[in-house]
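No hydrogens, no waters, no symmetry mates; every other heavy atom, side chains included, goes into these values.
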Amino acid sequence: FSDRTVELESVGLRMGIPEGGEGFIETIGGRPTAGVLLPDRIGTVLMQSREMGGATRSVLDLEKAVLRRTLLRSLNDERINIDIDLIFETSAGVSMGRSPALPSAGRIVRPFYVRLTEDSPEPMRGFGVIPIDPETFVLFQLVCADDDFEIARQAFELCLRSASLEEGEEIDDERASRIGAGRDALSGLTADDYAAVIEDFPDQFERIYRPAPGGAVADEEEVGYRRVRAWRGTLADVERGEPDPTSRAAPTGYLLRLDGSVLLDDGFGGVSRADSRAVYYLSADRKQESWKVDMSIRTEGDPKPEVWSELGVRVGDTMSVQITNANRESSTIRPSIRGDGYVSRLESSIMPQLLIRAEAEGAFAFYAYDQAAEVNRLRTVTASRAADRPDLWRIRTELSSDQWEASEFNSYGRLIRSETSDGLVKRPIEFERLYAIWNAKGLPLD
């Protein structure tokens, strides 16, 4: 091994990088992923943290779930028994059994392997499961070609042996301190404070673009835009997507609506577009929330868009999310909620405004539902006043070291500018100006 490591920051787990290999951090399937490209490109080792979904599960149960998802994709009947130590075959691939037990991160892991039947240059898979705490485990994966499997398997198992959690206690202490700071900051806000933030929220458009070196608008790359609206209302407003002017019902909570459009490169020189509408509701006592997200992806030349939707409900510490994909197939997940560090989707979206309202400076951490990863993920929010401009707030939100958004707000919580880790800039803009920019560049306006 070289003297370098790659770290999965969310759990503080490090893995060694073999001499001649390359470490990397990416977001894969919506999850922060630490990985190693093995020497001579013989394969790739990935590690991701996963949640157990609120249930206590043994390592064997977790391993069986991984194998079931890999080889029994069309057979979700839990009554089908799986013996992970045996070699068996399905239409999706072949289970190749286990390797002997080996030490990893202070635990014992027994890697197991699969050969997929899919048409792929790298059909071989290896897996290792390591529990981190009662709610979290880390899944290691090997991806490689048939011809490289034997040597890649040995490298994979050496990487597993190199994994360590030496700084776990320190990370846990830091995380607990930041979660406590976040809890204290929000606990100082009353229902009237929340109402004031919502009622003062501007109805505005925001332009999302990639800056050009010279700064000319004509040279900047338009990526998308969104419209933000907020109001006090009732749960019924989630389905309607707007306040009911005829309703005489007293407001029971707060609502936030985000409408957006993002241009997508289809990889073949064409451009598709993802349009979305999200409406979030939070009750005034913060004990209940609901949200609805609808998304359609339109591809040039195809009149029928792909439609996807998500409906979420939380009551107390119980959460349920129903997801319907483009094929109209529905599934329900029940993400676990981690104690008093959890905030609603609405609060997560307006966290800068809440911290500014509380005049809270420092580093805070919260768990909030991540739509891409389909779990509640920890995010760190750092808030501070600018030293030379006390009316300017700088707020940075991080999901991981390589996935962040740094923003500037005025003292009223109004966005001035934000920039993301992938180089995108977001600014408020008048609708007429946004329309003129997209029209001048020949971009879709319907």
Side-chain angles (χ1 to χ4, degrees), residues 1-51 66 99 102-109 111-114 120-133 136-145 147-172 174-175 370 372-373 375 377-380 396-406 420-423:
F1 281 82
S2 69
D3 58 359
R4 296 172 294 122
T5 61
V6 63
E7 181 177 2
L8 190 59
E9 288 189 345
S10 59
V11 294
L13 190 145
R14 288 188 173 134
M15 179 170 61
I17 300 176
E19 195 70 50
E22 299 175 16
F24 60 88
I25 303 291
E26 293 182 359
T27 299
I28 299 177
R31 300 177 187 272
T33 304
V36 171
L37 183 61
L38 296 173
D40 300 321
R41 302 294 196 270
I42 60 172
T44 304
V45 179
L46 307 171
M47 57 179 181
Q48 294 182 329
S49 65
R50 304 285 181 94
E51 290 192 343
V66 170
S99 286
L102 55 89
S104 180
R107 282 88 165 155
I108 296 298
V109 62
F112 56 99
Y113 299 92
V114 166
S120 166
E122 295 183 311
M124 306 304 298
R125 298 290 187 272
F127 302 97
V129 173
I130 295 180
I132 301 298
D133 58 41
T136 311
F137 68 96
V138 170
L139 176 64
F140 290 83
Q141 298 182 65
L142 167 69
V143 179
C144 69
D147 293 343
D148 296 320
F149 174 64
E150 284 304 320
I151 189 170
R153 179 184 63 80
Q154 295 177 46
F156 176 56
E157 295 180 6
L158 287 172
C159 286
L160 286 172
R161 286 178 177 271
S162 75
S164 66
L165 272 167
E166 294 176 359
E167 298 181 12
E169 291 185 5
E170 178 182 338
I171 289 173
D172 285 344
E174 181 181 9
R175 179 187 299 144
D370 186 320
V375 296
R377 286 180 61 187
L378 187 73
R379 60 199 64 211
T380 300
R396 180 184 176 97
T397 302
E398 294 186 10
L399 282 173
S400 63
S401 61
D402 70 325
Q403 193 175 0
W404 49 261
E405 181 173 2
T420 66
S421 48
D422 51 4

Quick one, Pro18 and Val36 - any side-chain contact, counting heavy atoms below 4.5 Å?
yes
Look up atom CD in Glu150 and atom CD1 in Ile42, then write down how far apart they are to the nearest 0.5 Å.
11.5 Å
Report yes or no: does Arg125 contribute a side-chain atom to a donor-acceptor pair with the main-chain N or O of Leu142 at less than 3.5 Å?
no
Taking every non-hydrogen atom, the tightest pair across Arg4 and Gly23:
NH1-N, 4.4 Å
pair Met47-Met15: side-chain heavy atoms closer than 4.5 Å:
yes
Electrostatic pair Glu22:Arg41 at N-O distance under 4.0 angstrom:
yes
May I ask you to test the Met124-Asp148 pair for a side-chain heavy-atom distance under 4.5 Å?
no
Around atom CD1 of Ile151, are there more than 12 heavy atoms from other residues, nucleotides or ligands closer than 6.0 Å?
no
Shortest non-hydrogen pair, Pro103 vs Ile108, comes out as CA-CD1, 4.1 Å
Are Ser99 and Arg153 side-chain neighbours, meaning at least one heavy-atom pair lies under 4.5 Å?
yes
Residue pair Val11 / Thr136, side-chain heavy-atom distance below 4.5 Å:
yes
To the nearest 0.5 Å, what is the distance between CG (Asp3) and CD1 (Ile17)?
9.0 Å
Within the side chain of Ser49, is there an N or O that forms a donor-acceptor pair under 3.5 Å with the backbone of Val138?
no
Quick one: does Val114's side chain get under 4.5 Å of Phe127's, heavy atoms only?
yes
Using every non-hydrogen atom in the two residues, find where Ala145 and Pro121 come nearest and quote the distance to one decimal.
CB-O, 3.3 Å
Student check: side-chain heavy atoms of Leu46 and Phe140 closer than 4.5 Å:
no
If you apply the rule side chain to side chain contact (heavy atoms under 4.5 Å, CB included), what do you find for Trp404 with Asp422, and how did you get there?
CA-CA 9 Å; Trp404 49 261; Asp422 51 4; over 6 Å; no
CZ of Arg14 to CG of Leu165: how many Å apart, nearest 0.5 Å?
10.0 Å
Write down the atom of Gln48, the atom of Leu8, and the distance for their closest heavy-atom approach.
C-CD2, 3.8 Å
Inter-residue atom distance Ser421.OG - Arg396.CZ, 0.5 Å rounding:
8.5 Å
Heavy atoms, side chains only, cut-off 4.5 Å: are Val45 and Gln141 in contact?
no
Examine distances only and state if a side-chain atom of Ser162 and a backbone atom of Gly16 form a donor-acceptor pair shorter than 3.5 Å.
yes
Scan side-chain atoms only and decide if Glu19 and Ser2 contain a donor-acceptor pair under the 3.5 Å cut-off.
no
Using the side-chain hydrogen bond (donor to acceptor under 3.5 Å, both in side chains) rule, take Thr397 and Glu405 through it: C-alpha gap first, then chi angles, then the decisive distance, then the call.
CA-CA 5 Å; Thr397 302; Glu405 181 173 2; over 6 Å; no
Can a salt bridge be assigned to the pair Glu157 and Arg161 using a cut-off of 4.0 Å between side-chain N and carboxylate O?
no
Can you name the nearest heavy-atom pair linking Val109 to Gly128, along with the distance?
CG2-CA, 3.9 Å
Please report the shortest heavy-atom distance between Phe156 and Pro111, naming the atom on each side.
CE2-CB, 4.2 Å
Gap separating the CG atom of Leu160 from the OG atom of Ser104, nearest 0.5 angstrom:
5.0 Å
Checking Leu38 against Thr44 for the side chain to side chain contact (heavy atoms under 4.5 Å, CB included) test, could you report, in this order, the C-alpha distance in whole Å, the side-chain angles of both residues, the deciding distance, and whether it holds?
CA-CA 6 Å; Leu38 296 173; Thr44 304; over 6 Å; no
